[in-house]
Engineer: 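Could you have a look at this structure, given as structure tokens, before my questions?
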Amino acid sequence: MRTVAAHTPADWPATEEHARAVQDDLRTRVVLGEQGPPPGTGRVTGVDVAYDDARDVVAAAAVVLDAATLDVVAEATAVGRISFPYVPGLLAFREIPAVLAALDALPCPPGTVVCDGYGLAHPRRFGLASHLGVLTGLPTIGVAKNPFTFTHDEPDARRGSTSPLLDGAEEVGRAVRTRAGVKPVFVSVGHRVSLDNACAHTLALAPSYRLPETTRRADALCREALRAATPYPA
DNA sequence: GCGACAG
DNA sequence: ATCTTGTCGC
């Protein structure tokens, strides 16, 4: 497993206003017409990020799984300085530099990338998963643990049931029940994947727990990387 | 103006 | 995200 240094690009937005302008520019490049790779085939990569705000340290992890077996095929981590404060709607600017570094450190192609957070389900329709997809060209989906500012009806209690995630009358994603009787996860399209396919991927990746194996593995790994790397730079 | 708000 | 032990329940 490889650990690399993550660097915030020199032209990274320093203000919320600038960050929003970047989103409004990049959003035009999201590809929505493709269905994306079928679930259970090829590789699927989970990415996640952990923070130590007090020490200004961020750690990202990318974990590649065999989509058919959910076995870990490869892992990489990246450690750096925090590139942006947490602002609802601007999460990508906080997570992306470290995530890109972790993806770059992988020894193999990531396949479809599963993000912690949203894609299209976003105030400007350009959440973390969409942003990462546009920057990498990879198929991406967003799986979030909370409904953010959106509304939804409770899906049926059985595993596999879904209900629309709504911004007013517009379906921006779906609440997906990955475990019977347990709070659903909130799935949205990132880039080059349809919503139906994103939901199918999510279910295929979560046979035993609420969260997809991709995010569970990436979450555990980035926390470990944060513990091992603090403080940074050493 | 106030409250809500992915991670 | 992060601070944090035990505890109730399937």
Side-chain angles (χ1 to χ4, degrees), chain A residues 6 8 13 16 19-20 23 27 30 46-63 77-100 102 113-133 140-152 157-159 165-168 171-191 195 198 202 208-212 214-227 229-232:
Chain A
T8 304
E16 298 183 22
R20 278 184 221 102
Q23 289 182 329
R27 65 190 286 187
V30 174
V47 293
D48 195 17
V49 182
Y51 301 92
D52 185 338
D53 285 274
R55 294 188 178 141
D56 190 27
V57 181
V58 56
V63 181
T77 60
V79 177
R81 318 294 290 274
I82 297 177
S83 55
F84 207 83
Y86 173 67
V87 179
L90 300 177
L91 176 65
F93 295 94
R94 183 168 168 82
E95 307 226 323
I96 276 189
V99 168
L100 286 178
V113 178
V114 179
C115 299
D116 238 26
Y118 281 115
L120 261 192
H122 178 273
R124 285 168 297 283
R125 302 293 179 267
F126 195 69
L128 169 64
S130 308
H131 200 143
L132 186 66
T140 61
I141 74 179
V143 180
K145 298 182 282 299
N146 299 294
F148 199 12
T149 61
F150 308 106
T151 61
H152 66 97
R158 48 163 269 277
R159 167 181 152 84
L165 185 65
L166 302 171
D167 186 351
E171 184 181 28
V172 293
R174 222 163 266 167
V176 177
R177 188 88 69 185
T178 52
R179 291 203 69 178
V182 173
K183 175 179 176 171
V185 296
F186 303 90
V187 177
S188 62
V189 165
H191 183 62
L195 182 55
T202 300
S208 319
Y209 299 95
R210 177 168 88 112
L211 297 179
T214 39
T215 67
R216 300 184 72 243
R217 301 315 263 258
D219 179 76
L221 185 57
C222 70
R223 291 191 201 211
E224 183 188 315
L226 183 65
R227 276 187 277 114
T230 304
Y232 175 89

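Model, not experiment: these values are computed from the prediction. Quick note on labels: first sequence line is chain A, next is B, and so on, each numbered from 1.
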Engineer: Can you tell me how far C1' of B:dG7 sits from CZ of A:F150, to the nearest Å?
Structural biologist: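 Rounding to the nearest Å, CZ of A:F150 and C1' of B:dG7 are 14 Å apart.
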
Engineer: Output yes when at least one side-chain N/O atom of A:K145 is less than 4.0 Å from OP1 or OP2 of B:dA6, else no.
Structural biologist: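 Looking at the OP1 and OP2 atoms of B:dA6, neither is under 4.0 Å from any side-chain N or O of A:K145.
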
Engineer: Expressed in angstrom and rounded to an integer, what is the separation of A:L221 atom CG from C:dA1 atom P?
Structural biologist: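 Between P of C:dA1 and CG of A:L221: 15 Å.
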
Engineer: B:dA6, OP1 or OP2 - any side-chain N/O from A:R94 closer than 4.0 Å?
Structural biologist: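 So the side chain of A:R94 is outside the cut-off, no N or O lying under 4.0 Å from OP1 or OP2 of B:dA6.
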
Engineer: Output the distance between atom CG (A:L211) and atom OG1 (A:T202), rounded to the nearest 0.5 Å.
Structural biologist: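 Rounded to the nearest 0.5 Å, the CG-OG1 separation comes out at 10.5 Å.
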
Engineer: Working to the nearest 0.5 angstrom, can you tell me the gap between A:L226 CG and A:Y51 OH?
Structural biologist: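 Between A:L226 CG and A:Y51 OH, I get 10.5 Å after rounding to 0.5 Å.
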
Engineer: Within less than 4.0 Å of OP1 or OP2 of B:dC5, is there a side-chain N or O belonging to A:N146?
Structural biologist: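 A:N146 to B:dC5 OP1/OP2: no side-chain N or O under 4.0 Å.
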
Engineer: Atom CZ of A:R124 and atom C1' of B:dC5: how far apart are they, to the nearest Å?
Structural biologist: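 Whole-Å distance recorded here is 12 Å.
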
Engineer: Can you measure A:D219 atom CG to B:dA6 atom C1' for me and round it to whole angstrom units?
Structural biologist: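 So the two atoms are 14 Å apart, to the nearest Å.
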
Engineer: Describe the nucleic acid contact of A:G142 in one word from base, sugar-phosphate, nothing, applying a heavy-atom distance below 4.0 Å.
Structural biologist: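 Contact class for A:G142: none.
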
Engineer: Take the protein atom CZ of A:F186 and the nucleotide atom C1' of B:dG7, then report the distance between them rounded to whole Å.
Structural biologist: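 To the nearest whole Å, that distance equals 15 Å.
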
Engineer: Can you measure A:H131 atom NE2 to B:dG7 atom C1' for me and round it to whole angstrom units?
Structural biologist: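 So the NE2-C1' distance, A:H131 to B:dG7, works out to 15 Å.
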
Engineer: Would you mind telling me which of C:dT2, B:dG7, B:dA6 lies closest to the side-chain atoms of A:Y118?
Structural biologist: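 The nucleotide sitting nearest to the side chain is B:dA6.
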
Engineer: Classify A:R179 by what it touches in the nucleic acid, base, sugar-phosphate, or nothing, heavy-atom distance under 4.0 Å.
Structural biologist: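 If one applies the 4.0 Å heavy-atom cut-off, A:R179 turns out to touch nothing in the nucleic acid.
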
Engineer: Rounded to the nearest angstrom, tell me the gap between atom CG in A:L128 and atom C1' in B:dC5.
Structural biologist: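 Spelled out: CG on A:L128 to C1' on B:dC5 is 16 Å.
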
Engineer: Contact class for A:D48 vs. all strands (heavy atom < 4.0 Å): base, sugar-phosphate, or nothing?
Structural biologist: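 Contact class for A:D48: sugar-phosphate only.
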
Engineer: If we require ring centres under 5.5 Å and near-parallel planes under 30°, does A:Y86 stack on B:dG7?
Structural biologist: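 So A:Y86 counts as stacking on the base.
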
Engineer: With heavy atoms under 4.0 Å as the rule, sort A:I96 into base, sugar-phosphate or nothing.
Structural biologist: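 Here A:I96 touches no strand at all.
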
Engineer: Would you mind reading off the distance between A:D56 atom CG and C:dT2 atom C1', rounded to a whole angstrom?
Structural biologist: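 After rounding, the reported distance stands at 16 Å.
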
Engineer: Give one of base, sugar-phosphate or nothing for A:A50, where a contact means two heavy atoms less than 4.0 Å apart.
Structural biologist: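 Sugar-phosphate contact only - A:A50 comes under 4.0 Å of backbone atoms but never of a base.
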
Engineer: Kindly assign one of parallel, tilted or perpendicular to the pair A:Y118 and A:F148, based on the angle between their ring planes and the thresholds 30° and 60°.
Structural biologist: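 Ring orientation of A:Y118 relative to A:F148: parallel.
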
Engineer: How far apart are the closest heavy atoms of A:G190 and A:S130, and which atoms are they?
Structural biologist: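 Closest heavy-atom pair between A:G190 and A:S130: O-OG, 3.2 Å.
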
Engineer: Give me the ring orientation class for A:F84 and A:F93: parallel if the planes are under 30° apart, tilted from 30 to 60°, perpendicular past 60°.
Structural biologist: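 Judged by the thresholds at 30° and 60°, the geometry between A:F84 and A:F93 is tilted.
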
Engineer: Nearest of B:dC5, B:dA6, C:dT2 to any side-chain atom of A:T149?
Structural biologist: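 Between B:dC5, B:dA6, C:dT2, the one nearest the side chain of A:T149 would be B:dC5.
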
